[in-house]
Student: 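Dropping the structure in here first, questions after.
Lettering follows sequence order; numbering is per chain, from 1.
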There are 2 protein chains.
Amino acid sequence: MGTLDKNSYIPYYVQIKEDILERIRNAIYRPGQQLPSEQVLAQEYQVTRTTVRKALEELKREGVILTEKGKGSVVSNSRIEQSLLQFYSFGREIGTTVEAAVSRVIQVRQIPASPQLEKKLRLARNGKINEIVRLRYYRNTPLILEFSYIPLEVAPSITQNDLQYQSIYDLLERFYGKRIQKAKEYLYPRISDVYESELLQIPKHSPVFQTERITRGEDGRVLEFRRSVIRGDKVAFSTELK
Amino acid sequence: MGTLDKNSYIPYYVQIKEDILERIRNAIYRPGQQLPSEQVLAQEYQVTRTTVRKALEELKREGVILTEKGKGSVVSNSRIEQSLLQFYSFGREIGTTVEAAVSRVIQVRQIPASPQLEKKLRLARNGKINEIVRLRYYRNTPLILEFSYIPLEVAPSITQNDLQYQSIYDLLERFYGKRIQKAKEYLYPRISDVYESELLQIPKHSPVFQTERITRGEDGRVLEFRRSVIRGDKVAFSTELK
DNA sequence: GAGTGGTCTAGACCACACC
DNA sequence: GTGTGGTCTAGACCACTCA
């Protein structure tokens, strides 16, 4: 259905963009899946192809879809997976090429939430959580140490096996029906502690980046709090200005 | 003159975008100055307004120009002034509002370049440089400590007075005719030293961000190397993912 | 060859800023 | 009012991909 409000003061292309986003959230269009052609979308929404293109252009710019000449548009794999990482440059190599990125699960366990985590996760008192510790490599060098915290309310009990062949977000969605609505991520400078230093193979008390991310589900509840420690000697952030 | 190559395989809108960039570099269009209207540009380049708009849209997205409905488009003030800072969020406040940003010059002197600086600035042996140290405040709190290094070849001798009412880039352009071509900036985590800590009013050996920026002129030579130390307790970087 | 996205034209109407 | 950027239409041709 082309649910376009022709009387709204909101431009058509914005309405179309929002509608497509909504369809992606509702898994009508799934990651990796081909979108209908611009021609078809134009008919469906009863607008010209130009207007559809304007909507798709914005989605492309935001990394929601990918387009290929002569082929079509496909929905990107969860943008939330990428996050700030897309801005990093790893040493002299190019950013987030999926190929060379390998991850190892260090630990998965169920523990009571600390007061700080209860706050971050908006948990009730004495809440229990899954703790998942992973180490991400790039070309055999450990670069990122990730701590994920997921309330048992959200996912009863996660095991190491669950994470062998799928991401946390895939797991949450496929097995627990929790769809991700949005996430907010922050970047700070920090000094590594002894544990982090050892796993990342850097001198203790080295300067590192830390990111914190809070992911929320459709009902607005916190699905995950994730803290990542990123080597400062190998990973930089850069922009070029012209 | 609309110097559009109609036989090129390069799209018109890209050619137009490059041409406008070139005009900005050549100060035909200056920062703060109004661009010709889309209508006029379309005539000049002998294309439709739609095509001009596509070019302007990209320039707008890249922060080169600003457009205001009903008024027109103006060239942004040196984008290079903004840099990565536009991505930061200061505590709970919003990013780079010019108003509340005050800067104080701590020191200006001429010194021989250290070997490291010679390398960064691509200087010959025993090169001399201007060193400018500034402290930037936001709401009376020191947030950023900036070290600028400019070869004497570029600007013979800079004094504190020169920087009272204008930026370094304004100074280079107005008094020394050095126009900026491009800049590259990097962001790292670091640990503050005693001097930095004192000026920024933070405990010594605190985690901080450091940016390094290399600015080049039209001939490709390095005009400035700048190192900024940014408080990690007040400044964060954030993105929202939807 | 049929279908796709990429570019471009030649118009149109609107909301807004300025005089 | 006139001029501006913002949106939209209805076409067109192209280069590309895939069968």
Student: Establish, yes or no, whether the cationic atom of A:K178 lies under 6.0 Å from the six-membered ring centre of A:Y169 and within 45° of the ring axis.
Tutor: no

Student: I need the B:L171 CG to B:D162 CG distance, nearest 0.5 Å.
Tutor: 5.0 Å

Student: What nucleic acid atoms does A:K6 come within less than 4.0 Å of, heavy atoms only: base, sugar-phosphate, or nothing?
Tutor: nothing

Student: What do the steps show when you test B:E173 against B:R179 for salt bridge (charged side-chain N to carboxylate O under 4.0 Å, His left out), and what is the final call?
Tutor: CA-CA 5 Å; B:E173 179 150 353; B:R179 206 161 293 130; 3.4 Å; yes

Student: Is it the case that over 12 heavy atoms from other parts of the model lie below 6.0 angstrom from the CD atom of B:Q160?
Tutor: yes

Student: Between atom CD in A:E57 and atom P in C:dG5, what is the gap in whole Å?
Tutor: 13 Å

Student: Which atom names give the shortest non-hydrogen contact between B:I144 and B:L200, and what distance separates them?
Tutor: N-CD2, 3.8 Å

Student: Might you point out which heavy atoms bring A:K17 and A:A55 nearest each other, and give the distance in Å?
Tutor: N-CB, 3.9 Å

Student: Considering heavy-atom distances to DNA chain C, does A:E68 or A:T50 have its closest nucleotide positioned more toward the 5' end?
Tutor: A:E68

Student: Under the criterion side-chain contact (heavy atoms from CB on, under 4.5 Å), I'd like the reasoning laid out for B:V154 against B:L172: C-alpha separation, chi angles, the key distance, then a yes or no.
Tutor: CA-CA 8 Å; B:V154 172; B:L172 288 181; 4.0 Å; yes

Student: Indicate, yes or no, whether a donor-acceptor pair under 3.5 Å links the base of C:dG5 to the side chain of A:R53.
Tutor: no

Student: Taking CG from A:L35 and P from C:dT4, how many angstroms apart are they, rounded to a whole number?
Tutor: 12 Å

Student: How many whole angstroms separate atom CD of A:Q34 from atom P of C:dT4?
Tutor: 9 Å

Student: Could you grab the distance from atom CD1 of B:I20 to atom CG of B:L59, nearest 0.5 Å is fine?
Tutor: 5.5 Å

Student: Nearest-nucleotide wise, let me know which of A:P36 and B:T48 is further upstream toward the 5' end of DNA chain C.
Tutor: A:P36

Student: Is DNA chain C part of any stem, that is, at least 3 consecutive Watson-Crick or G-U pairs with both distances under 3.5 Å, and where?
Tutor: C:1-18 with D:1-18

Student: Atom pairs, N/O to N/O, protein against nucleotides 16-19 of chain C, distance under 3.5 Å?
Tutor:
{"residue": "C:dC18", "atom": "OP1", "partner": "B:K71", "partner atom": "NZ", "Å": "3.4"}

Student: Below 4.0 angstrom, N of the basic side chain to O of the carboxylate: do B:E218 and B:R25 qualify?
Tutor: no

Student: Give me the first and last nucleotide of DNA chain D, going 5' to 3', that has any atom under 4.0 Å from a heavy atom of chain A.
Tutor: D:dT7 to D:dC18

Student: From A:I214 CD1 over to A:E185 CD, what is the distance, rounded to the nearest 0.5 angstrom?
Tutor: 11.0 Å

Student: Between A:E38 and A:K60, does any NZ, NE, NH1 or NH2 come within less than 4.0 Å of an OD or OE carboxylate oxygen?
Tutor: no

